[in-house]
Amino acid sequence: IFPAGSTRQTVKLTILGANLSQPDLAFLVNFSAPTNATLARMRAVVLITATDSDGDGMADYWETAHWFDPTNPSDGPIDRDGDGQRNAAEFWAGTNPSDPGDRLHITGIQRTAGGIRLRFPSAADRVYLVEGTSTLTSPAWAPVAEIAGTGGELQVDAPMPSDARH
C-alpha cells in the first residue's frame with residue numbers, strides 16, 4: 001500500500017533466479033496515478049523476457065539446462081518425453097520435458113452445488129489463469145480464477161452458469 005495522498009511511487013522489485021543458470025534480476029517500477037487521483041492499491045504485471053536465440057518459444061537458459069540446443073528451432077515443437085506436451089509447452093508450464101509424469105493436465109473434475117471443482121498440478125514459480133464460458137461455441141471466455149502455483153496440486157471452484165448445458 002502506498003503512502004496516503006501519493007500520486008507517484010517507485011518500488012524496487014527483485015526477482016530471484018530459479019536456478020544457477022538464471023540470474024537474479026532487480027529493477028525499479030514507477031507507478032503514477034491519473035490526474036486528480038491517488039495511488040491506493042495497484043497490481044503490476046511485469047513481463048520479463050529471456051533470450052530465445054532460435055525463436056522456438058523456449059528461453060536459452062532453460063534449453064541449456066534441459067540439454068536442448070538453444071540455436072536449433074526444431075526442438076520446441078517436439079515432445080521429448082511422449083507425454084503429449086511439446087517441449088515449448090513444458091517450458092511455459094514449468095514442467096520437466098524429460099519426465100512423462102510431469103505435465104500440466106486436469107487431475108480431477110468434480111461437480112459441486114454451484115459449479116465444478118478442477119484439480120491440477122502446479123509449479124511453484126507459475127501463476128495459473130482459469131477461464132470459463134457458458135457455451136463451447138462461444139468465443140467469449142472470461143477469467144474464473146487466478147491462482148499462484150505451490151508446487152503441489154491446486155484446486156479451483158468454478159461457478160456454473162444456470163444456462164450451461166455442458
Side-chain angles (χ1 to χ4, degrees), residues 1-2 6 8-33 39 41-110 116-133 136 138-158:
I1 296 180
F2 299 102
S6 294
R8 289 188 63 74
Q9 186 73 27
T10 300
V11 177
K12 181 177 181 182
L13 179 63
T14 303
I15 299 173
L16 303 177
N19 56 49
L20 295 178
S21 62
Q22 181 182 12
D24 295 348
L25 302 171
F27 51 93
L28 299 178
V29 179
N30 290 310
F31 294 97
S32 54
L39 298 173
R41 291 180 183 220
M42 292 187 73
R43 178 178 168 188
V45 176
V46 179
L47 177 62
I48 300 170
T49 58
T51 302
D52 179 8
S53 297
D54 55 13
D56 62 0
M58 301 182 294
D60 291 354
Y61 76 85
W62 191 85
E63 288 197 63
T64 301
H66 291 282
W67 301 98
F68 292 114
D69 179 354
T71 63
N72 179 1
S74 67
D75 54 11
I78 295 171
D79 178 11
R80 174 192 279 172
D81 57 12
D83 64 0
Q85 304 292 312
R86 294 172 303 139
N87 295 330
E90 301 245 25
F91 164 69
W92 288 103
T95 55
N96 184 339
S98 298
D99 179 357
D102 188 17
R103 62 189 171 91
L104 180 59
H105 64 289
I106 302 294
T107 57
I109 301 175
Q110 177 184 1
I116 59 170
R117 177 170 292 144
L118 302 172
R119 290 186 179 89
F120 55 92
S122 70
D125 60 347
R126 297 294 190 267
V127 175
Y128 300 87
L129 176 64
V130 179
E131 295 183 323
T133 184
L136 295 177
S138 170
W141 288 75
V144 172
E146 186 174 310
I147 185 168
T150 63
E153 187 174 74
L154 297 180
Q155 174 177 298
V156 173
D157 289 333

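Bear in mind that the values here come from a model prediction, so they are computed numbers and not experimental data.
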Check your understanding: How long is the gap from CD on Q110 to CD1 on I116, to the nearest 0.5 Å?
Key -> 10.5 Å

Point to revise | From CG (D81) to CG (N96), nearest 0.5 Å | key: 7.0 Å

Point to revise | Smallest separation among heavy atoms of D102 and E90, with atom names | key: O-OE1, 3.3 Å

Exercise for review: Working to the nearest 0.5 Å, report the span between CZ of R126 and OG1 of T150.
Suggested key: 13.5 Å

Check your understanding: Do T95 and Q85 have side-chain N/O donor and acceptor atoms under 3.5 Å apart?
Key -> no

Revision key, fill the gap. Between the OG atom in S74 and the CG atom in N72, the distance rounded to the nearest 0.5 Å is 3.5 Å

**Study point:** Where M58 and E63 come nearest, the two heavy atoms and their spacing
**Key:** O-OE2, 3.3 Å

Review point. If you look at every heavy atom in F68 and P97, which pair is closest and at what distance?
Key: CE1-CG, 3.8 Å

Practice item. State, with a plain yes or no, whether a side-chain heavy atom of S98 is found less than 4.5 Å away from one of H66. Key: no

Revision key, fill the gap. Closest non-hydrogen contact found for G57 with D52 is N-OD2, 2.8 Å

Review point. Short question: side chain of S122, backbone of G151 - any donor-acceptor pair under 3.5 Å?
Key: yes

Practice item. Over all heavy atoms of both residues, which pair between T107 and P121 is shortest? Give the atoms and the distance, please. Key: CG2-CD, 3.7 Å

**Study point:** Aromatic plane relationship, Y61 with F91 - under 30° parallel, 30 to 60° tilted, over 60° perpendicular
**Key:** perpendicular

Review point. If you round to the nearest 0.5 Å, how far is CD of E146 from CD of E131?
Key: 10.5 Å

Review point. Can you tell me if D75 uses its side chain to pair, donor with acceptor, with the backbone of D69 under 3.5 Å?
Key: yes

Point to revise | Close side-chain approach of Y128 to V156, heavy-atom, < 4.5 Å | key: no

Check your understanding: What is the minimum heavy-atom distance between F120 and H105, and which atoms define it?
Key -> CB-O, 3.2 Å

Check your understanding: Just by modelled atom types, is the A93 backbone N or O under 3.5 Å from a matching donor or acceptor in the R103 side chain?
Key -> no

Review point. Does one side chain, of D60 or S53, offer a donor that lies under 3.5 Å from an acceptor on the other?
Key: yes

Point to revise | Distance (rounded to the nearest 0.5 Å) between L129 CG and I147 CD1 | key: 11.5 Å

